[in-house]
Amino acid sequence: MALDKMDIAKRIAQELKDGFYVNLGIGIPTLVANYVPEGIQIEFQSENGILGMGPFPLDGDEDADLINAGKQTITSLPGASFFDSSMSFGMIRGKHVDLTILGAMEVSEKGDIANWKIPGKLVKGMGGAMDLVASAENIIVAMMHVNRKGDSKLLSKCTLPITGLGCVKRIVTELAVLDVIPQGFCLVERAPGVSVQEIKEATAGKIIIPDRVPEMQF
Amino acid sequence: MALDKMDIAKRIAQELKDGFYVNLGIGIPTLVANYVPEGIQIEFQSENGILGMGPFPLDGDEDADLINAGKQTITSLPGASFFDSSMSFGMIRGKHVDLTILGAMEVSEKGDIANWKIPGKLVKGMGGAMDLVASAENIIVAMMHVNRKGDSKLLSKCTLPITGLGCVKRIVTELAVLDVIPQGFCLVERAPGVSVQEIKEATAGKIIIPDRVPEMQF
Amino acid sequence: MIDKTVQSVVDALEGVTSGMTLMLGGFGLCGIPENAISELVRLGVSNLKCISNNAGVDDFGLGLLLQQKQIKTMIASYVGENAEFERQMLSGELEVILTPQGTLAEKCRAAQTGIPAFYTPAGFGTEVANGKEIRTFHGKNYVMEEAYQADFAFVKAWKGDEAGNLIFNGTARNFNPLMCGAAKVTVAEVEELLPAGSLDPNQIHIPGILVNRIFQGQNYEKRIEQRTVRNI
Amino acid sequence: MIDKTVQSVVDALEGVTSGMTLMLGGFGLCGIPENAISELVRLGVSNLKCISNNAGVDDFGLGLLLQQKQIKTMIASYVGENAEFERQMLSGELEVILTPQGTLAEKCRAAQTGIPAFYTPAGFGTEVANGKEIRTFHGKNYVMEEAYQADFAFVKAWKGDEAGNLIFNGTARNFNPLMCGAAKVTVAEVEELLPAGSLDPNQIHIPGILVNRIFQGQNYEKRIEQRTVRNI
């Protein structure tokens, strides 16, 4: 059975390693913060200028001067720091952030990502996405395998304007975990009950199927 | 009579204008701080990371963490700030410092300055001088008109390795105040009792002598 | 101490005219120069080119200038959440230049610090790099980006002193420090204006040399865009 | 909170080997990483390339490494006040690369923030620009300078916490913040190491993400190079 958004976030949370600084995009990535494995220490960076971001505040504790990149009210944890946007993107470009998790409209088998613009529709802007994907060593995309029209979002080549080239390392969808390798999308894990055939059919780009494709474990 | 170092500093202090941020080099320039005219507000920047530098501390009040670019112990005035070297030279390159006063070994009639290296002798380094002269809009050189061997330091072309090109606006020596103009050194003022002829003889570069050359006023 | 205080927002904005390029601090509605924006509306200056990470919402922040059609060109990284903005952009009344957020920050900082241009990996291979120099360093591709040039920068700080020294609060810091000294004239409005000597020189985020005018702001609304709370 | 503390200077310098490129904070003897320098002497690593604004004095700071002939290449802006340095330089034992002070600072900051290269006016028309790209922006000439690449950065802060957050004091700040995160491994020594949460997040000069190891320094001498006092 295909995963829901919570499950996608839960699966991605397994990628978190002790001591990681992590930047979470808006949408499914934000949910990952709810599933940090026990016993490991993670710090969340929000590119508008905080490291050591905590949970949403309690009702009445909101501070207009303390928000995340999604403009939501947040809190800070002990050991947190605030900084300006230049320092924040300095951390990102300087590869000090260990893991970036973000959404995508399309990913190509070369690891290109498109997630900021649909020509002819309203363009809201790339925000920090282009800086993040151009800089991070370790990028995980959280997205649905197919769009609302039923078309695959894992393509041989992106059709939408590019956000960054050859940068995506791993993709977690409602159907599968896939790695971007030189030959294309390599199927790493299946969602529980989802067949290799289903994933193959939902993937328009070149997909490499190892002999054994384990189910995700939660 | 030729000026002494104190008088050179005193004459340069007349160039200070209300609201100026000023960077003082080592040597005669440092003395300028002692002669800030009454009624004007000046802030001194030291490129190692302080704005609002005050006088030397009283005996016993020295703080190892509070020095100027000459590595001397200093104090800070109300309204002072400390910052890192990147911000400090950002101020300098960004033309936020209004006036730079520094020493020189040679100045050319094009406004080139040489003050960091004598080939064959020990080279101590340029410190912040190259940043300062490349950036400041307003550079005054404080120096002796001739060197110890009696050779002029105001030349048609610098013989020593250059610190910066075409940057010096005004020169104050023990003999005169001169401006660098497109035609060469323009004599602006004479030291009290010093003749135009003396200045002319001490100047190897092209010198322009206006009809009237007033004596400096103190 | 060089005194940078002006008595009112009216004095603070003296010299602002139509057609100018303005920098405005803030991320979303967080840390925006509310007083300066109100005064820009009152002045009615138009044909402005605004550099700001976002464009406000319909009835707050830069949205107030959009309502009056005072902005001709908007340079930002993200411009959602604003229906009037959308209408003007789609009708062609408003020119929009979208810039990656980190590049926008660095272009401000470059202007502040006298760096005319720098290289960044952001935008390589995208339409953002069109017409820009591409260069390889250590096997990776970078785009050359130039410093902004602006007439006025409007920033909002938490505390400030008469010497123009500024301290920001929380994530309201964002682009504000980078815009100080990045334009010909920098105007800072503060929630609390203090005598020189009140702030610890170690804790000053922006030294007064980068600020031309400072004034005590009034009636801050500090609107929250996405009030989000937890239940436990 | 990600804990960056190590128990001793020995642990802090684990992995330092001969031939490495090291960044060392400080201006003159102000704000230098005294403990790290002592440990480098004890380790006896040699053939080092050191990036530091100055080279210490004969018997303190980087002068201690020079005494043991551990430095092969010195990148600095000013190297006076050191007779042994002079002797090694003149004899050709020591290679010296002199760099304008602001350029040195910005090359560190570029390494910290993932900017591979930038343009600066400093050094144009001088031997510092030899072999470097020259470029004109808005009618003025600039030199292209690249980010440093270093193995270890050793910095000294005033206060720090377990998360690696740092606060510097006075002009002992200088190059220290810019070297944090500018090398593969950043080691911070502090006069006072505090539990996470002890420092105001608004007042942190360098966030812990830019520091890999932090330790409580010992026996700071904090020598003054030019003790200068006034008489009144």
Side-chain angles (χ1 to χ4, degrees), chain B residues 46-50 53-76 80 82-93 95 112 114 116-117 121-136 161-167, chain D residues 27-31 53-55 76-81 86 89-90 96 98-106 108-109 112 120-128 140-143 158 168-178 205-206 220-232:
Chain B
S46 191
E47 65 267 27
N48 58 314
I50 175 173
M53 185 166 44
F56 297 132
L58 292 171
D59 197 3
D61 285 351
E62 310 91 325
D63 178 353
D65 287 347
L66 195 47
I67 64 170
N68 66 15
K71 282 125 188 168
Q72 297 170 310
T73 43
I74 54 164
T75 56
S76 66
F82 306 130
F83 35 82
D84 67 43
S85 303
S86 164
M87 171 60 94
S88 183
F89 283 91
M91 286 174 195
I92 290 165
R93 277 191 316 265
K95 300 184 187 300
D112 303 343
W116 78 282
K117 184 177 185 178
K121 291 210 181 178
L122 179 65
V123 179
K124 293 198 170 187
M126 67 292 282
M130 283 192 184
D131 307 271
L132 282 158
V133 301
S135 307
I162 291 292
T163 310
L165 293 177
C167 50
Chain D
F27 177 91
L29 302 179
C30 184
N53 190 58
N54 310 91
S77 86
Y78 190 82
V79 291
E81 280 77 75
E86 184 175 343
M89 182 166 73
L90 294 176
V96 178
L98 292 167
T99 304
Q101 192 175 334
T103 301
L104 200 152
E106 197 66 14
C108 292
R109 192 244 173 210
Q112 175 188 67
T120 175
F124 171 74
T126 76
E127 60 185 60
V128 162
K140 179 163 176 166
N141 294 303
Y142 295 85
V143 183
W158 181 38
F168 303 90
N169 186 39
T171 57
R173 194 182 315 187
N174 55 63
F175 289 84
N176 284 299
L178 311 170
H205 294 139
I206 283 293
Y220 283 105
E221 180 178 339
K222 298 179 71 168
R223 197 187 291 187
I224 292 174
E225 222 166 322
Q226 303 281 346
R227 189 178 301 271
T228 319
V229 296
R230 68 178 192 273
N231 295 319
I232 12 144

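In the text below, chain A, chain B and the rest are named by the order of the sequence lines, each starting its count at 1. These values consider heavy atoms only, across backbone and side chains, with no hydrogens, waters or symmetry-generated copies.
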* Among D:Asn176, D:Thr99, D:Asn53, D:Leu104, which residue forms the greatest number of heavy-atom pairs with chain B at distances under 4.5 Å? -> D:Thr99

* **B:Lys124: partners by side-chain hydrogen bond (donor to acceptor under 3.5 Å, both in side chains), with sequence neighbours left out** => none

* Structure fact -> With chain B, the option among D:Ala122, D:Ser77, D:Gly125, D:Pro121 that has the most non-hydrogen atom pairs under 4.5 Å is D:Ser77

* **Residue list, side-chain hydrogen bond (donor to acceptor under 3.5 Å, both in side chains) with B:Gln72, at least two apart or on another chain** => B:Asn68

* If you take all heavy atoms of B:Thr75 and B:Ile50, which pair is closest and at what distance? -> O-CD1, 4.2 Å

* To do: Working to the nearest 0.5 Å, report the span between CG of B:Asp84 and CZ of B:Phe89.
  => 11.0 Å

* **Residue pair D:Arg173 / B:Phe82: nearest heavy atoms and the distance that separates them** => NH2-O, 3.2 Å

* Asked: Which one, B:Gly128, B:Ser85, B:Ala134, leads in non-hydrogen pairs under 4.5 Å with chain D?
  -> B:Ser85

* Options B:Ser46, B:Gly60, B:Ala64, B:Ser135, ranked by heavy-atom pairs under 4.5 Å with chain D, top entry -> B:Ala64

* To do: Just give me the residue among D:Thr103, D:Leu29, D:Asn174 that pairs up with chain B most often, heavy atom to heavy atom, under 4.5 Å.
  => D:Asn174

* **Region of B:Val133 in contact with chain D, defined by heavy-atom distances below 4.5 Å** => neither

* Part of D:Val96 lying under 4.5 Å from any heavy atom of chain B -> neither

* To do: Among the options B:Gly90, B:Ala69, B:Ser88, B:Gly166, pick out the one with the most heavy-atom pairs lying under 4.5 Å from chain D.
  => B:Ala69

* Asked: With a 4.5 Å limit on heavy-atom distance, are the side chains of B:Leu58 and D:Arg230 in contact?
  -> yes

* Flag the one option from D:Gln101, D:Glu106, D:Glu225 with the top tally of heavy-atom pairs under 4.5 Å to chain B. => D:Gln101

* Between B:Asp65, B:Asp59, B:Asp63, B:Leu66, which shows the greatest number of heavy-atom pairs under 4.5 Å with chain D? -> B:Asp65

* Which value, rounded to the nearest 0.5 Å, describes the distance between D:Phe27 atom CZ and B:Glu47 atom CD? -> 6.0 Å

* What's the shortest heavy-atom distance between D:Phe168 and D:His205, and which atoms? -> N-ND1, 2.9 Å

* Structure fact -> Turns out that what part of B:Thr163 lies under 4.5 Å from chain D's heavy atoms comes down to backbone

* So which part of D:Arg109 gets closer than 4.5 Å to some heavy atom of chain B, the side chain, the backbone, both or neither? -> side chain

* Structure fact -> Heaviest contributor of heavy-atom pairs below 4.5 Å to chain D, chosen from B:Leu165, B:Ile67, B:Asp61, is B:Ile67

* Looking only at heavy atoms, what is the nearest atom pair of D:Ala105 and B:Ser86, with distance? -> CB-N, 3.9 Å

* Most heavy-atom pairs under 4.5 angstrom with chain D, which of B:Gly127, B:Gly164, B:Pro161, B:Gly70? -> B:Gly127

